Amino acid sequence: QVQLVESGGGLVQAGGSLRLSCAASGGTFSRYNMGWFRQAPGKEREFVAAIRWSSGSTKYADSVKGRFTISRDNAKNTVYLQMNSLKPEDTAVYYCAAHRGVVVTTNRGLYDYWGQGTQVTVSS
């Protein structure tokens with residue numbers, strides 16, 4: 001069964017960087033799409049970035065484009081989210097997710113598997 005485990009969250013100052021990791025197991029990830037979502041208090045869970053495992057095709061939310069980079073390591077079965085130039089508005093719980101499909105999607109309703117989340121806090 002598919003399991004996703006996030007790590008790498010923490011407290012950073014505005015302008016700083018963090019790298020989140022998502023260790024994936026139990027699935028045929030060569031045909032999966034992987035995504036990062038985040039949820040701040042009082043807000044809906046929103047799309048951050050996604051990658052198609054097989055091709056490496058990516059998609060980013062406008063709010064993070066140019067600052068965040070999603071990538072994957074096939075040998076380690078791990079997806080990463082490199083976050084640079086962090087802003088207080090980036091403060092949220094970040095979730096790794098996966099769905100079976102051929103198109104990279106921003107629609108959280110299409111993602112079937114979710115990690116437990118990792119807290120990212122950006123101070124001013």
Side-chain angles (χ1 to χ4, degrees):
Q1 297 297 314
V2 172
Q3 293 187 3
L4 307 174
V5 180
E6 302 103 328
S7 61
L11 173 65
V12 297
Q13 297 183 106
S17 299
L18 282 175
R19 189 180 75 162
L20 306 183
S21 299
C22 173
S25 63
T28 308
F29 295 102
S30 60
R31 67 174 191 265
Y32 278 39
N33 295 307
M34 307 296 296
W36 285 97
F37 293 77
R38 66 187 183 186
Q39 187 166 22
K43 295 186 177 181
E44 296 183 358
R45 190 171 299 185
E46 66 176 358
F47 170 78
V48 176
I51 186 168
R52 190 159 66 188
W53 201 289
S54 59
S55 69
S57 297
T58 59
K59 184 174 292 185
Y60 296 92
D62 289 341
S63 60
V64 306
K65 193 171 185 179
R67 300 188 298 121
F68 292 10
T69 303
I70 188 171
S71 62
R72 87 285 199 226
D73 186 325
N74 291 341
K76 296 182 178 180
N77 247 17
T78 300
V79 178
Y80 302 97
L81 185 68
Q82 178 66 46
M83 306 186 294
N84 299 325
S85 301
L86 283 162
K87 306 174 181 179
E89 304 94 274
D90 296 318
T91 296
V93 177
Y94 283 71
Y95 298 90
C96 179
H99 87 100
R100 302 171 70 177
V102 298
V103 179
V104 178
T105 180
T106 65
N107 186 349
R108 69 177 185 270
L110 297 179
Y111 286 81
D112 295 317
Y113 308 103
W114 295 84
Q116 82 286 350
T118 185
Q119 177 71 47
V120 172
T121 302
V122 184
S123 65
S124 61

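If you read the sequence from its start, that first residue is 1, and numbering goes on from there. Here the structure is a predicted model, which is why all the values come from computation and not from measurement.
The ring-ring contact (aromatic ring centres under 6.0 Å, His included) test applied to Tyr111 returns Phe37, His99, not counting sequence neighbours. Scanning for side chain to side chain contact (heavy atoms under 4.5 Å, CB included) contacts around Gln119 gives Thr91, Val93, Thr121, with sequence neighbours left out. Evaluation of the side chain to side chain donor-acceptor pair (under 3.5 Å) rule for Arg67 yields Asp90 as partners, not counting sequence neighbours. In this structure Ser30 satisfies the side chain to side chain contact (heavy atoms under 4.5 Å, CB included) test together with Thr28, sequence neighbours excluded. For Gln3, the side chain to side chain contact (heavy atoms under 4.5 Å, CB included) partners two or more places apart in sequence, or in a different chain, are Ser25. Every residue two or more places apart in sequence or in another chain that forms a side chain to side chain contact (heavy atoms under 4.5 Å, CB included) with Asn107 is listed here: Thr105, Leu110. Qualifying salt bridge (charged side-chain N to carboxylate O under 4.0 Å, His left out) partners for Arg45, counting only residues two or more places apart in sequence or in other chains: none. Scanning for side chain to side chain donor-acceptor pair (under 3.5 Å) contacts around Ser57 gives Ser55, with sequence neighbours left out.
Residue pairs satisfying the salt bridge (Lys or Arg N to Asp or Glu O under 4.0 Å) criterion with at least one member in residues 52-61, sequence neighbours excluded, are absent. Residue pairs meeting the side-chain hydrogen bond (donor to acceptor under 3.5 Å, both in side chains) criterion with at least one partner in residues 76-86, sequence neighbours excluded, are Ser17-Asn84, Gln82-Asn84. Within the structure, disulfide (SG to SG under 2.5 Å) pairs that include any residue of residues 20-104 comprise Cys22-Cys96 (at least two apart or interchain).
Residue Leu20 belongs to a hydrophobic cluster whose other members are Val2, Leu4, Val12, Leu18, Phe29, Tyr32, Met34, Trp36, Val48, Ile51, Trp53, Tyr60, Val64, Phe68, Ile70, Val79, Leu81, Met83, Leu86, Tyr94, Tyr113, Val120, Val122, with links defined by side-chain heavy atoms closer than 4.5 Å.
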